[in-house]
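Here is the naming used below: chain letters follow the sequence lines, and residue numbers restart at 1 for every chain.
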Amino acid sequence: MCKRCSKSARQQCVPVSRHSAAPASDCWSCGSSFVFCVFICTRFGTMAKVITPRHVDYAQWYNDLVIHSGLADYSAVRGCMIIKPLGYALWENMRAVLDRMFKETGHVNAYFPLFIPKSFLSREAQHVEGFAKECAVVTHHRLKLAEDGSGVVVDPDAKLEEELIVRPTSETIIWHTYRDWIQSYRDLPLLINQWANVVRWEMRTRPFLRTAEFLWQEGHTAHATREEAIAEAERMLDIYARFAEEYMAMPVVRGIKTPSERFAGAEETYCIEALMQDGKALQAGTSHFLGQNFAKAFDVTFLDRNNQRQYVWATSWGVSTRLIGALVMTHSDDDGLVLPPRLAPIQVVFVTIPTVEEPQMSVAREIAEKLQTAGVRVHVDTDDTKRAGFKFAEYELRGIPIRIAIGRRDVEQGTVEVARRDTKEKVTIRRETIVEHVQALLEEIQHNLLQRARRFVRENTHVVDSFDDFQRIIEERGGFILAHWDGTAETEARIKELTKATIRCIPLDSPAEAGRCVLTGKPSHRRVLFACAY
RNA sequence: CGGGGUGUAGCGCAGCCUGGUAGCGCACCUGCUUUGGGAGCAGGGGGUCGUGUGUUCGAAUCACACCACCCCGACCA
C-alpha cells in the first residue's frame, strides 16, 4: 500500500524466505517512496501466509497477524469481527482466570438485558453525553415481505412505542434494577459481575482493539460508604494488574485518569496502561468509583443502622476482548503469535517426521499422554496431508509455546527435539526427562516473556523535563514519558494538539516530586504518564 | 463527517489507456515421486468482471448514477 496514492503495492517476485523482510520500494503508480508493504511472490514455492514485518508497517503487521494466525476474521458487517476458535479459546482462558479471581473476592455473576429503554439513558447527564454519539438504536420489531418481491422490508406498523438502545455499557439498566434490590444496609455490599457483549458504533475499527461489538465483563457494585466503594474500585484494579502481569506476562502501570479522560459518570477512573511494541500505550482495563451519581440518577437508597436514608455508593469495572489485542502487541514477532503458556490454548504440540510415520506417532502419543496427565495442554498433529516444515511454520504462526518434533533418528536414539517459541531455540533431550523438562520450560517461557516485556517498558520510559525533549521523543521513539504537568485541562489539550500524546494516567506509585510543568513551567508536585495511545 | 483509493475465481493481482466475449500466482481436486524448516512434476475444476442505466454491431474495457469496502484525518475501551 502506498501512503500517498493508496494504491496497492505491485506484486514482486522474491524467493521464499520467511526470515528476510519484504523489501520496500518506490510506488509503481505515483513514484513516491511511501510504499510500505510489498507482497512476496509465491512463484518459488508454497508461501501460505504472508505477514508484513513490524519494521515495515506495524499496523499492517498487526492486521496480518490477527487474520493469518487464525485469531479472527473480518465479517459481513462493517466494524464487526468474527472471533475464530483460536481467539475464542484465548478469551475463554482469560475469562476462566478472571472469573475465578472475581469469585474469590465475593462477586457473583448475573445477566442483564441487551436492550435498554431510551429513557434510561436520559437519567445521568454526563454518562449520556459520553455514549450518545455511538449508540445503536432499535426502532422496529418486525419485518415483512416487500410488495415487489425484492426481499424483506421493515414493517412500518411495527414501530416500537419506546425505542431501545443496544447497551454500550449497562450502568443504567443495572442501577434501575438495583433500586428494587436495595432497601437496607443489610443488602450491601452488592457485588455483581456480568459477562456480555456490548455495542459502540465506532467510526473506525481495528480487530480486537476497537470493534463495533465486543465481549467483556462489567462489574457493578453497590456499597454503604464512600470508603468501601473506593476500596472496591482499587481492589478490582489490582486484580486486573495482577492478571495482566501473572497470566498475560504484560507489565502495566496502575494509575488514575485525569478529568478529561475519565469515564462518563465517574468520580474517579482507575486504569491499567500497557506499552505496545510500537511505543504506543494501550488502556487494558478500567475501574471506576462512581460516587453517588447513579444512585441519585436512579434513586437507589438504603436505610443505615441509624435508620437514616442514604444514597448508595457505586463502582463499575471492566476488561474486554481488547486484552487479546494487547497480548498480541506485547509479545508477538514477525513469525507470528507468541502466547504466554498460562493462557495458551495448546501449550505443547507434537509433530512427527516424516509426516505421520510409525513408530514416531506412537512415541508422540505416549509422551503426550504423560504430559497431559501432568496437567499440560497438548496436541498431537495427526494430519498426514501436510509436511513437517509446513507444520513448524504454522504452529509458530499460531504461537504455541513449545513444539516437540520426533523423527526417525529420535526414535533410534531415544530423544526428542524441543523447540521454544519465544526464543526459537531448539534442544534435543532424552525421552525420559521430558515431563520435567516441559514443565520447567513452560514456566521459564512465561517468566521470560514478562522479563522481556518489562525490559522493553523500562527502556522506553523516559523521564523528561523540557518540552523540546518531549516532542523529540514522541516523534522519534514513542514510549512512555514521565513529565510534570500543571494540572489544567487546557495544558493537557494543548500538549495533545502539539504532540498527539495524551496523559495516560497519574501513576499510583509515582512519588511526590516538586517540579515545573513541561509546557507552561507552572509548579507541579508529581510526574504524570504521557504517551500516544491506541 | 471531510479527503483519497479500490471493486475481475476462496486469496493476491494483471487485463481497461487503444472495446472483439477473461488471464496469472497461491489455494483446491487427481495421480506419481518426495518427507529433519512452508516439496516437485503432470493433469483438472472453478468467474452473471460490485450494481444499474446509457453509448456501440459488440462493453471487464467508454460515460453517468448508485452500492460496498479500504486508507488518511476528526471521534473513541
Side-chain angles (χ1 to χ4, degrees), chain A residues 1-13 15-19 28-30 34 36-50 57 59-60 63 67-68 74-79 130-131 133-134 168-169 198 200-206 208-212 214-216 218 257 261 263-264 269 271-273 282-288 317-323 325-326 335-336 351-357 360 384-397 403 405-411 415-417 419 424 426 428 497 500 502 533-534:
Chain A
M1 187 68 76
C2 174
K3 279 186 176 170
R4 176 179 289 169
C5 71
S6 295
K7 288 233 185 209
S8 289
R10 177 187 275 167
Q11 206 163 341
Q12 292 205 342
C13 296
V16 172
S17 169
R18 288 294 311 285
H19 303 288
W28 61 273
S29 177
C30 69
F34 292 111
F36 52 86
C37 174
V38 176
F39 295 100
I40 295 175
C41 180
T42 49
R43 192 170 302 161
F44 295 88
T46 302
M47 182 68 191
K49 309 285 165 57
V50 178
D57 180 354
Q60 194 58 45
N63 288 335
I67 299 303
H68 293 314
Y74 295 119
S75 76
V77 185
R78 191 203 71 95
F131 287 106
K133 286 177 290 188
E134 51 192 50
T169 178
V198 286
R200 296 179 189 175
W201 213 262
E202 302 286 353
M203 296 304 282
R204 260 182 87 178
T205 62
R206 297 195 67 188
F208 291 112
L209 299 178
R210 184 170 301 105
T211 47
F214 57 95
L215 307 183
W216 77 345
E218 47 181 327
K257 287 291 187 189
E261 296 271 336
F263 175 71
T269 288
C271 63
I272 51 172
E273 295 284 329
L282 183 77
Q283 180 177 305
T286 52
S287 178
H288 314 288
W317 27 273
V319 293
S320 71
T321 39
R322 181 178 238 208
L323 288 179
D335 293 319
V351 176
T352 51
I353 307 167
T355 316
V356 287
E357 190 178 80
Q360 293 92 304
D384 63 357
T385 68
K386 295 189 175 60
R387 293 153 54 99
F390 183 91
K391 293 176 181 179
F392 289 179
E394 195 68 16
Y395 289 123
E396 277 161 15
L397 182 59
R403 178 187 71 236
I406 303 171
R408 288 172 186 155
R409 283 203 305 273
D410 292 307
V411 173
T415 58
V416 295
E417 182 194 76
K424 306 288 285 288
K426 289 190 273 201
T428 297
E497 214 173 283
K500 292 191 175 174
T502 50
Y534 273 100

>> Would you measure the distance from the P atom in B:rG20 across to the matching atom in B:rA60 and give it in whole Å?
In response: 9 Å
>> For B:rG36 and A:R387 - does any side-chain N or O of the residue sit under 4.0 Å from the phosphate oxygens OP1/OP2?
In response: yes
> Who does B:rA14 pair with, Watson-Crick or G-U, both distances under 3.5 Å?
Replying inline: none
> Just how far is it from atom CG of A:L215 to atom OG1 of A:T321, taken to the nearest 0.5 Å?
Replying inline: 5.0 Å
>> How long is the straight-line distance from CZ of A:F392 back to CG of A:D335, given to the nearest 0.5 Å?
In response: 14.0 Å
>> Regarding A:S320, tell me which of base, sugar-phosphate or nothing describes its non-hydrogen contacts under 4.0 Å with the strands shown.
In response: base
>> What's the gap between B:rG15 and B:rC49 when it is taken at their C1' atoms, as a whole Å value?
In response: 11 Å
>> Please give the distance between the C1' atoms of B:rU21 and B:rC28 as a whole number of Å.
In response: 27 Å
> Using purine N1 to pyrimidine N3 plus N6-O4 or O6-N4 for Watson-Crick, or N1-O2 and O6-N3 for G-U wobble, both under 3.5 Å, which nucleotide pairs with B:rA60?
Replying inline: none
>> Using Watson-Crick or G-U wobble geometry with both distances under 3.5 Å, which nucleotide pairs with B:rU35?
In response: none
> Can you tell me how far P of B:rG37 sits from CG of A:L397, to the nearest Å?
Replying inline: 19 Å
> For the pair made of NE2 in A:H68 and P in B:rG10, what is the distance, rounded to whole Å?
Replying inline: 17 Å
> When rounded to the nearest Å, what value does the distance between C1' atoms of B:rG45 and B:rG54 take?
Replying inline: 37 Å
> Given the C1' atoms of B:rG7 and B:rG47, what is the spacing between them in whole Å?
Replying inline: 14 Å
>> Rounded at 0.5 Å granularity, tell me how far CD1 in A:I272 sits from CG in A:L323.
In response: 7.0 Å
> If we take the P atom in both B:rC26 and B:rG37, what is their distance in whole Å?
Replying inline: 22 Å
>> Quick one: does any side-chain atom of A:R322 pair with a main-chain N or O of A:L209 as donor and acceptor, under 3.5 Å?
In response: yes
> Which one, B:rA77, B:rG73, B:rU35, comes nearest to the side chain of A:K500?
Replying inline: B:rG73
> So which nucleotide from B:rG36, B:rG37, B:rG38 ends up closest to the side chain of A:E394?
Replying inline: B:rG38
>> Need the pair for B:rC28. Rule: Watson-Crick or G-U wobble, both distances under 3.5 Å, any strand; none if unpaired.
In response: B:rG44
> Between A:F131 (CZ) and B:rC75 (C1'), how many Å, whole number?
Replying inline: 14 Å
> Rounded to the nearest 0.5 Å, what separation is found between the CH2 atom of A:W317 and the CD atom of A:E218?
Replying inline: 10.0 Å
>> What's A:L282 touching, base or sugar-phosphate or nothing? Going by heavy atoms closer than 4.0 Å.
In response: nothing
>> Need one value for A:K426: base, sugar-phosphate or nothing, where a base atom within 4.0 Å counts as base even if backbone is also close, heavy atoms only.
In response: base
> In whole angstroms, how far is the P atom of B:rC71 from the CG atom of A:N63?
Replying inline: 7 Å
> For A:K386, which residues count as a salt bridge (charged side-chain N to carboxylate O under 4.0 Å, His left out) partner, sequence neighbours excluded?
Replying inline: A:D383
> Atom CZ of A:R206 and atom P of B:rC72: how far apart are they, to the nearest Å?
Replying inline: 8 Å
> A:G79 or A:A284: which one's nearest nucleotide on RNA chain B is closer to the 5' end?
Replying inline: A:G79
>> With nearest nucleotide decided by heavy atoms, which residue, A:I406 or A:K386, maps closer to the 5′ end of RNA chain B?
In response: A:K386
> Looking at B:rG37, does its base get a donor-acceptor pair with the side chain of A:E417 below 3.5 Å?
Replying inline: no
> So what does A:T352 touch, heavy atoms closer than 4.0 Å: a base, only the sugar-phosphate, or nothing?
Replying inline: nothing
> Which of these nucleotides, B:rU35, B:rA77, B:rG38, is closest to any side-chain atom of A:I353?
Replying inline: B:rU35
> What integer number of Å spans the C1' atoms of B:rA63 and B:rU55?
Replying inline: 7 Å
>> Under a 4.0 Å threshold between the charged nitrogen and the carboxylate oxygen, would A:E394 count as salt-bridged to A:R403?
In response: no
>> Heavy atoms only, 4.0 Å cut-off, all strands: where does A:F214 land among base, sugar-phosphate and nothing?
In response: base
>> Side chain of A:A393, heavy atoms from C-beta onward: which of B:rA77, B:rG38, B:rU35 has the nearest atom to it?
In response: B:rG38
> Side chain of A:Q283: nearest nucleotide among B:rG37, B:rA77, B:rG36?
Replying inline: B:rA77
> For B:rG7, which nucleotide in any strand shown is its Watson-Crick or wobble partner with both distances under 3.5 Å?
Replying inline: B:rC67
> In whole Å, what is the span from the CZ atom of A:F392 to the P atom of B:rG38?
Replying inline: 10 Å
>> Using Watson-Crick or G-U wobble geometry with both distances under 3.5 Å, which nucleotide pairs with B:rG73?
In response: B:rC1
>> Under 4.0 Å, heavy atoms only, any strand: does A:E202 hit a base, just the sugar-phosphate, or nothing?
In response: base
>> From CD1 of A:I67 over to C1' of B:rC69, roughly how many Å is that when rounded to an integer?
In response: 14 Å
>> Keeping A:E134 on the side-chain end and A:E202 on the backbone end, is there a donor-acceptor pair under 3.5 Å?
In response: no
> Can you check the A:E497 CD to B:rA74 P distance for me, whole Å?
Replying inline: 11 Å
> If you measure from the C1' atom in B:rC24 to the same atom in B:rC67, how many Å do you get, rounded?
Replying inline: 29 Å
